[in-house]
Structures are given as structure tokens and as C-alpha cells.
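To start, the structure itself, in C-alpha cells.
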Amino acid sequence: MADDALPTILQLTPLDEDYRRDPAAVLAKLRSACPVHHDAFSGATFVSRYSDVRSVATDLTLWRDPLRADPESRRLQRFDPPDLNLPRSETFSILTLDDPDHARIRGPLSRALYARVAKFKPEVERIVDEALDRIGDQAEVDRMDLFCVPIPIDVIASILGVPHDRLEDFRDWSEGLIQGLNPFRNPDQTAHMERSSLALTAYFTEALADRRAHPRDDLISDMVRLQSEGTPISDTELRINLTALLVGGNLTTTDLIGNGARLLMLNPSEKAKLMADPGLAAALVEEVLRFDPPVDATSRVASRDLEISGCPIAKTRSVNLLLRGANRDPDAFENPDAFDITRKKVPHMSFGGGAHICIGAPLARLEAQVALPRLFARYPDLALADPTEEPAWRKLPFFRGLETLRVRTGA
């Protein structure tokens with residue numbers, strides 16, 4: 001394949017119709033023709049082979065902060081210019097921080113979060129059952145609206161201690177903030193993002209003060225207590241990272257549950273396996289994450305001159321890791337284009353890797369492991385309302401999820 005036939009960055013997002021319809025096919029061609037591909041339009045290098053993606057993602061010497069990339073490598077990244085008088089940790093979340101700030105903040109935050117996740121299954125079960133009760137005996141529903149969307153925001157809000165009557169606000173703010181990851185956002189989306197950022201900053205400022213005066217059984221109180229015990233995290237850093245948890249706990253888990261339910265409806269033999277053995281829930285979720293993950297890519301910045309599969313990468317070059325492409329690599333996965341919840345386990349790359357592996361992974365797994373089996377136990381005949389209808393995939397770059405999904409419940 002000639003180089004000019006290789007996809008550009010725009011053609012590797014759901015803004016492109018071919019990619020939106022079948023991203024695996026687009027990525028298979030790229031992985032076969034040019035697994036380490038420099039995109040002249042964006043200035044970045046794209047890596048799509050499993051071994052390369054895994055090697056780069058787990059290399060602790062590489063940088064995560066996109067502003068350390070040379071300007072030619074980040075033409076399409078849209079960040080407000082940082083205030084150079086502020087520490088980087090008071091401008092960006094751990095998602096794009098490097099050490100030592102990354103480790104300083106992520107360590108205590110992850111320990112507090114995971115302690116809550118470890119005992120949170122009964123609460124997740126309650127939230128899932130409430131969502132199912134709202135569907136009730138309706139014959140046809142938009143399952144995204146009534147099931148997949150509310151569960152993750154209810155769960156992360158419960159962990160944070162957000163009152164139930166603020167959930168609609170939080171959902172709206174989360175949808176606004178996710179536009180910060182969209183380099184092609186329009187003015188209306190930018191305005192929504194900015195309003196949401198201001199609203200969440202105000203909310204978490206008030207919440208931190210409230211928890212100091214009136215501690216509760218929630219993650220915000222946990223972090224305030226750690227501060228009082230000497231953990232070196234500022235209020236600004238807490239606000240930024242609690243906001244990041246909220247956003248990460250909403251959109252991507254919604255899409256994980258949505259994509260998983262759709263796959264089970266499209267693959268009745270796999271649904272039958274799950275219904276015969278609910279103990280396959282964990283394996284199901286891992287296969288959904290491999291086969292149709294909610295996140296397409298992550299990135300690193302070269303901290304030195306290096307090579308990836310013999311291709312030279314100059315220091316400060318941005319390297320985009322195509323997680324979806326890696327997850328369908330036939331060199332890593334047998335029959336990679338088959339959805340098989342009992343396949344031989346090979347670690348997928350959907351949560352990234354290394355020090356920056358997704359901090360919310362245990363919670364996302366828990367929610368999907370509860371939600372998907374319970375959905376089909378309640379509605380064993382759940383089916384697409386119109387199997388011939390083209391899926392309504394969202395057009396947010398580097399994410400994959402459905403805007404709507406009409407289903408017949410069989411009720």
C-alpha cells in the first residue's frame with residue numbers, strides 16, 4: 001500500500017464514516033501495511049501492533065505529558081496555554097502528569113479508591129437493580145438512556161458522596177468536560193466544556209470544605225482525611241483529579257456496558273454461555289474490552305531517541321498507541337475478529353499499561369460484571385428493536401460508544 005493510501009488521523013476517528021462503521025477493518029489494513037506510521041497531518045506517529053503498543057505503554061521511561069512533545073507532534077491537541085507560574089499538577093490531572101507529581105497524587109488516590117471499590121459490589125448491585133426496575137415491563141426502550149448511561153454516573157457519584165438530586169447536573173458536566181479530549185470540538189462544545197469545568201470546580205471546592213467540617217463515608221472525606229494526616233496533595237490537585245474520576249467514571253463505563261450488551265445480542269451463542277454460567281461474567285467483560293473497547297487510543301512522548309520495530313522515533317515525538325488495533329492483532333490473539341467469551345486469556349490493551357494504566361479499571365470491571373449478567377437475567381429475550389438499523393455510534397474522536405440503542409425487552 002502506498003503511503004498516501006494510509007489513513008490520516010481524521011480517518012482513524014469516528015468522524016470518518018468507514019472507521020465509524022468498522023474500525024477494526026481500517027486498523028487491520030494499517031497494522032498490516034505500516035504498523036508504525038507517521039501521520040504528516042497531525043505530526044504524530046501511530047503504533048498499531050500489539051507487541052509495539054504493549055512495549056511502549058509499559059515503558060516507564062517515556063513521558064505522558066503531551067506538552068513535552070515538540071510542536072509538530074501536537075498540532076491537533078487543544079489545550080489552553082498553561083499558566084507557567086502554576087505547578088503542572090495544578091493544571092492537569094494524573095492522566096497527563098509525569099513523575100514525581102503523578103506518583104505523589106495517584107498513589108494515595110488509587111489506594112483510597114480501591115479500598116472503596118473492594119466493598120462496593122452490593123451498592124453497584126442496588127444501582128443496577130434500580131435501573132432495571134425503571135425499565136420494568138416496557139416492551140421497547142432506549143437501553144442507553146435508561147440503563148447504560150445512569151448506572152456509571154450513579155456509581156461514581158455514590159463513591160464521591162454526591163447527592164442523588166445532583167446526578168443530572170453531574171451527567172451534564174461530565175459530558176461537557178469530555179470535550180476536552182476532542183481536538184475537533186466546535187464552539188458550542190467548547191462553551192459546554194468551559195461551563196462544566198467552572199461548575200465542577202465550584203462544586204468540589206464547596207464539597208472539600210464541607211467534608212472538613214462534616215466528614216462522611218465517601219471518597220472525598222477519605223482524601224480530606226489523608227490531607228489532614230500529612231499526604232501532600234493540595235485542594236486544587238484534589239479538585240482536578242476528582243473531576244477526572246467523575247468524567248472517567250461516566251462516559252467510558254457507559255460505553256463498556258453498552259457495547260457489551262450489543263455484542264451479546266448480536267452473538268446469541270455467547271449470551272447462552274453467560275446465561276448457563278454466570279461465573280463467566282469476568283471473562284465476558286475482558287472480551288468486550290478486547291473486542292470493542294470504549295477507548296481507541298492513548299499516547300506517550302519519546303523521552304529520548306528510540307526505535308519501535310526498527311523505525312526511528314526522535315526525542316519529543318508524540319507516539320499514539322492504537323489500543324483497538326493492538327486488541328485485534330492476529331499475532332497476539334487467535335481468531336481475533338471472533339467475539340468469544342471463553343477464549344484463551346491474553347491481556348488486552350484497553351486500559352493502557354505501565355504507571356498510567358487506567359486508575360478506574362477495577363471500578364469499570366465491577367460495574368460491567370454486575371450490569372451485563374443482571375440485564376440478561378431480567379430480560380433473557382432482550383433483542384435489537386431493528387437488527388437492520390445502522391448503529392448510532394457517537395462521533396467523539398478516540399472513543400467508541402452508542403448514542404442510542406433501541407431494544408425489545410421481551411417483557
Do the side chains of K344 and E334 get close enough for a salt bridge, i.e. N-O under 4.0 angstrom? no
Taking the side chain as every heavy atom from C-beta outward, state whether L12 and V26 have any atom pair closer than 4.5 Å. yes
Distance-only donor-acceptor pairs under 3.5 Å for side chains of residues 152-166, two or more places apart:
from: S158; atom 1: OG; to: E123; atom 2: OE2; distance (Å): 3.1
from: R166; atom 1: NE; to: D169; atom 2: OD2; distance (Å): 3.1

Taking only residues two or more places apart in sequence, or in another chain, which ones meet F333 in a ring-ring contact (aromatic ring centres under 6.0 Å, His included)? Y50
Under 4.5 Å between any side-chain heavy atoms of K271 and M265, yes or no? no
L263 and N267, any side-chain heavy atoms less than 4.5 Å apart: yes
Output all residues satisfying side chain to side chain contact (heavy atoms under 4.5 Å, CB included) with T61, sequence neighbours left out; order by chain, then residue number. D59, S303, R304
How far apart are the closest heavy atoms of S299 and R64, and which atoms are they? OG-NH1, 3.1 Å
Residue pairs meeting salt bridge (Lys or Arg N to Asp or Glu O under 4.0 Å), one or both in residues 243-265, sequence neighbours left out, come to D255-R394
Looking at D16 and K395, is any side-chain nitrogen of the basic one under 4.0 Å from a carboxylate oxygen of the acidic one? no
Any side-chain heavy-atom pair from L366 and K121 closer than 4.5 angstrom? yes
Report the distance from atom OG of S174 to atom CG of L246, rounding to the nearest 0.5 Å. 5.0 Å
Just by distance, with hydrogens left out, do S350 and R290 show a side-chain donor and acceptor under 3.5 Å apart? no
Salt bridge check: are D99 and R106 linked by an N-O gap of less than 4.0 Å? no
Under the side chain to side chain contact (heavy atoms under 4.5 Å, CB included) test, which residues partner E286, sequence neighbours left out? L289, H348, R365
Closest non-hydrogen atom pair between G258 and M144, with its separation: CA-SD, 4.0 Å
Does the side chain of I135 reach to within under 4.5 Å of the side chain of Y379, using non-hydrogen atoms? yes
Any chance you could lay out the side chain to side chain donor-acceptor pair (under 3.5 Å) test for R317 and T45, step after step, and finish with the verdict? CA-CA 7 Å; R317 169 65 56 83; T45 295; 3.1 Å; yes
The salt bridge (charged side-chain N to carboxylate O under 4.0 Å, His left out) partners of D145 (sequence neighbours excluded) come to none
Looking at R211 and D218, does any basic side-chain N land under 4.0 Å from a carboxylate oxygen? yes
Quick one: do the S55 and D52 side chains pair a donor with an acceptor below 3.5 Å? no
Quick one: does any side-chain atom of E90 pair with a main-chain N or O of P87 as donor and acceptor, under 3.5 Å? no
Is a donor on one side and an acceptor on the other found under 3.5 Å between the side chain of S221 and the backbone of P215? no
Restricting to side chain to side chain contact (heavy atoms under 4.5 Å, CB included), what partner residues turn up for T205, sequence neighbours left out? T201, R239
Please report the shortest heavy-atom distance between I178 and F399, naming the atom on each side. CD1-CZ, 4.2 Å
Counterpart residues, ring-ring contact (aromatic ring centres under 6.0 Å, His included), relative to F46 (two or more places apart): none
Interatomic distance, M223 atom CE to L242 atom CG [nearest 0.5 angstrom]: 7.0 Å
Using a 3.5 Å distance criterion without hydrogens, assess whether the side chain of R185 forms a donor-acceptor pair with backbone atoms of Q179. yes
What heavy-atom pair brings P66 and V301 nearest, and what distance separates the two atoms? CA-CG2, 4.3 Å
Any carboxylate oxygen within less than 4.0 angstrom of a Lys/Arg side-chain nitrogen, looking at D98 and R88? no
Quick check on E206: does its CD atom have over 12 non-hydrogen neighbours (other residues, nucleotides or ligands) under 6.0 Å away? no
Charged N-O contact under 4.0 Å between R406 and E389: no
Cationic N near anionic O, under 4.0 Å, R116 to D222: yes
Nearest non-hydrogen partners of F291 and D337, listed with the distance: CE1-O, 3.3 Å
Holding to ring-ring contact (aromatic ring centres under 6.0 Å, His included), I want the full list of residues that pass it with F204, two or more places apart in sequence or in another chain. none
What I want to find out is whether R171 reaches E175 closely enough, with some N-O distance under 4.0 Å, to be called a salt bridge. no
Approximate separation, where rounding is to 0.5 Å, of I313 CD1 and L62 CG: 10.5 Å
Before accepting this row, confirm whether a basic side-chain N of the pair R374/D129 lies closer than 4.0 Å to the acidic partner's carboxylate O. yes
When you measure from the centre of the six-membered ring of W393, is the NZ or CZ of R20 closer than 6.0 Å and no more than 45° off the axis? no
Between P14 and P397, what is the shortest heavy-atom contact and its length? CD-CA, 3.9 Å
So do the side chains of W173 and L198 get within less than 4.5 Å of each other, counting heavy atoms only? no
Intermediate values then yes/no, salt bridge (charged side-chain N to carboxylate O under 4.0 Å, His left out), R126 and D133: CA-CA 10 Å; R126 181 192 66 78; D133 290 343; over 6 Å; no
Check: L97 and S89 side chains under 4.5 Å, non-hydrogen atoms: yes
Report the C-alpha separation of R68 and T316 in whole Å, then their side-chain angles, then the decisive distance to 0.1 Å, and conclude whether the side chain to side chain donor-acceptor pair (under 3.5 Å) test is met. CA-CA 6 Å; R68 300 178 85 160; T316 71; over 6 Å; no
For E307 and P312, indicate whether the former's side chain and the latter's backbone hold a donor-acceptor pair under 3.5 Å. no
Output every pair passing salt bridge (Lys or Arg N to Asp or Glu O under 4.0 Å) with a member in residues 350-360, not counting sequence neighbours, ordered by first then second residue. none
I233 and P108, any side-chain heavy atoms less than 4.5 Å apart: yes
What residues, two or more places apart in sequence or in another chain, satisfy side chain to side chain contact (heavy atoms under 4.5 Å, CB included) together with P278? none
Across all chains, not counting sequence neighbours, the salt bridge (charged side-chain N to carboxylate O under 4.0 Å, His left out) partners of E229 are R225
Side-chain ion pair, R324 and D292, N-O less than 4.0 Å: yes
